[in-house]
Amino acid sequence: MSRKVVLAIVDGLTPTMLEGSLGTPTAPWLTRLAEHGAYRRATSVFPSLTPVCLSSIATGAYPDVHEIPHLVWYHRGERRLVEYGSSFGAMRAAGARQAFRDTIVNMNAAHLGRRAVTAYEAVQDAGLVAASVNITCYRGRTPHTSRVPIVKGPVLGPQRFFFYSLFESDPTGAPTAWRNRAAGTIDDYAVGVGRWLVTRDGFDLLVYYLSDYDYASHALGPDAAHEALGRSDAALGALVEAAGGLDAFLERYALIVCADHGQTPVREVASLGERLAGEEGVLVTASNRAGQLYDLDGRRDAGALAALLDGEPSVGVALYREDGVAVARRETEELRFSRTRDGWELAGDGSILDQPNALERSWRALANPNAGEVLVSAAAGWEFADLGGRHHLGGGSHGSLDVGDSEVPVLTVGLDGEPHSITELAPLALGALGVSPPAYAPPLGRAA
Ligand SMILES: [Zn+2]
């Protein structure tokens with residue numbers, strides 16, 4: 001008997017935090033689920049920022065295919081900034097109305113790559129029912145109109161589509177999402193919807209996205225948000241209880257619990273925009289622990305652009321492409337790399353890209369048509385202020401290639417396969433449902 005699948009994502013949950021909480025009163029449900037399943041660490045994508053990572057989880061694609069490059073980027077076709085909500089300050093700086101529409105509507109309707117196939121699209125094409133709760137990558141086949149009149153026009157989502165009280169395919173009685181973010185009302189909303197869906201067994205695939213952990217971890221720093229983890233654990237337990245207990249839940253559903261990215265402590269803040277303010281025709285987009293440089297006039301050599309950052313302490317690695325080869329630059333040292341039929345051809349200092357799966361992740365990020373000419377991975381302990389000057393000094397952040405930002409926990413229950421990358425989670429879920437994964441997905445259990 002094939003089971004239905006629940007894919008639960010706890011935003012920003014680090015492997016060390018999950019591993020340390022197993023067997024403790026903070027995480028009773030995760031502990032019980034882990035006893036029935038398999039646990040491992042997997043690698044995120046680059047930049048390890050939520051819109052990029054959630055798009056990879058939902059599509060099984062790297063950013064070269066799904067085309068979402070960052071939290072903030074320059075739209076070459078429309079000659080304008082796109083800002084997906086780094087902070088309220090950043091949204092105001094980018095134009096609040098436009099940023100709202102980009103985040104709620106355009107990310108899926110316009111920016112998400114046409115070659116990418118979301119798990120919901122694949123499930124719907126197979127004649128099954130897909131459901132999503134709050135995940136920012138939601139593109140499906142069913143038109144939905146917002147309950148809120150300022151969101152104009154229908155969007156395409158899964159049949160069962162729930163998005164922060166803005167889109168709701170069914171009346172579930174869930175409490176409004178935006179009452180008090182810090183107190184966890186976003187996940188309360190997800191729980192209300194999730195309970196309703198499980199009680200009705202109303203899906204074949206449910207993607208259940210819990211965003212509040214990341215919010216707490218940004219404020220408190222990684223591996224400190226125990227109270228928030230307790231709430232995430234309870235939000236998973238709510239699904240189990242709605243099914244009538246663990247045995248009944250696991251009889252009906254296979255489960256994946258994962259994170260989209262990790263977090264590392266922020267000890268210093270830099271403004272890449274200020275650093276390059278005198279450079280004409282260079283646009284910086286930066287937020288959290290990743291940045292991009294765009295050459296607006298197309299007049300600069302990418303290597304020269306990257307060299308502008310030499311000596312900048314906040315920059316860990318600067319990446320760019322040159323004549324079909326990728327270059328990773330740290331200070332004046334370089335690693336040149338390109339893909340060969342069975343691996344990579346390398347020249348230079350290999351230690352520049354010794355982070356997890358870094359060659360693949362860098363290569364794919366650079367191949368994103370919306371990416372800047374230069375991509376920047378922050379140095380350890382550093383964060384880049386966003387458009388509104390906001391940062392998480394003293395707390396946590398993510399976005400870089402570094403292991404702490406990039407490693408995520410993956411717990412699977414009732415599934416075969418050992419995902420090494422978050423790009424393998426959608427194919428794993430689809431395989432369990434008997435649905436063919438998109439052609440670009442690598443064979444399972446073999447991280448590229
Ligand atoms: Zn975050």
Side-chain angles (χ1 to χ4, degrees), residues 8-18 43-58 63 68-73 82-91 94 99 102-103 107 134-137 164 177 181-182 184 186-187 190 209-229 231-232 235 258-267 269 285-292 361 365 376-378 380-409 422:
I9 305 156
V10 182
D11 194 318
L13 179 59
T14 60
T16 47
M17 189 69 178
L18 174 58
T43 308
S44 187
V45 293
F46 176 71
S48 46
L49 297 164
T50 294
V52 186
C53 301
L54 291 183
S55 300
S56 285
I57 291 173
I68 304 297
H70 201 291
L71 269 165
V72 54
W73 55 282
V82 174
E83 165 61 61
Y84 294 140
S86 299
S87 65
F88 285 118
M91 289 181 87
D102 283 337
T103 308
M107 195 193 310
N134 284 353
I135 182 168
T136 57
C137 185
Y164 303 94
R181 166 110 221 224
I186 303 268
D187 285 358
Y209 169 60
L210 302 170
S211 66
D212 283 343
Y213 181 85
D214 187 67
Y215 187 85
S217 184
H218 272 297
L220 301 170
D223 296 345
H226 293 92
E227 194 261 326
L229 178 57
R231 282 189 269 125
S232 306
C258 66
D260 52 346
H261 55 70
Q263 279 209 12
T264 48
V266 178
R267 288 183 287 267
V269 176
T285 72
S287 172
N288 288 269
R289 292 183 20 81
Q292 310 186 86
R361 293 196 295 148
V376 181
S377 172
W382 283 89
E383 188 179 42
F384 302 128
D386 69 23
L387 271 179
R390 305 300 160 87
H391 51 74
H392 304 99
L393 185 62
S397 189
H398 52 91
S400 81
L401 288 164
D402 290 357
V403 60
D405 290 355
S406 306
E407 264 195 340
V408 299
I422 62 169

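Remember, it's 1-based here, ligands and their atoms both numbered in the order they're listed. Side chains are part of it too, since the values below use all heavy atoms of this structure and drop only hydrogens, waters and symmetry mates.
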For the residue pair D223 / T14, report whether a side-chain donor-acceptor contact shorter than 3.5 Å exists.
yes
Checking N134 against S211: is there a side-chain donor and acceptor pair closer than 3.5 Å?
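On atom types as modelled, these side chains do not qualify, holding no pair under 3.5 Å.
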Check the orientation of H261 and H398. Use parallel for under 30°, tilted for 30 to 60°, and perpendicular for over 60°.
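It falls in the parallel class, under 30°.
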The Zn ion (ligand 1) contact by H261, N, O or S atom under 2.8 Å
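Looking at H261, which is the residue asked about, there is no N, O or S atom under 2.8 Å from the Zn ion (ligand 1).
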Would one find an N, O or S atom of D11, in either backbone or side chain, under 2.8 Å from the Zn ion (ligand 1)?
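Checking D11: none of its N, O or S atoms is under 2.8 Å.
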State the atom name: nearest N, O or S atom of D214 to the Zn ion (ligand 1).
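Nearest N/O/S atom of D214: OD2.
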Closest N/O/S atom of H398 to the Zn ion (ligand 1), by atom name?
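Minimum-distance N/O/S atom of H398 relative to the Zn ion (ligand 1) is NE2.
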Scanning both residues in full, the closest heavy-atom pair of G184 with R231 reads CA-NH1, 3.3 Å
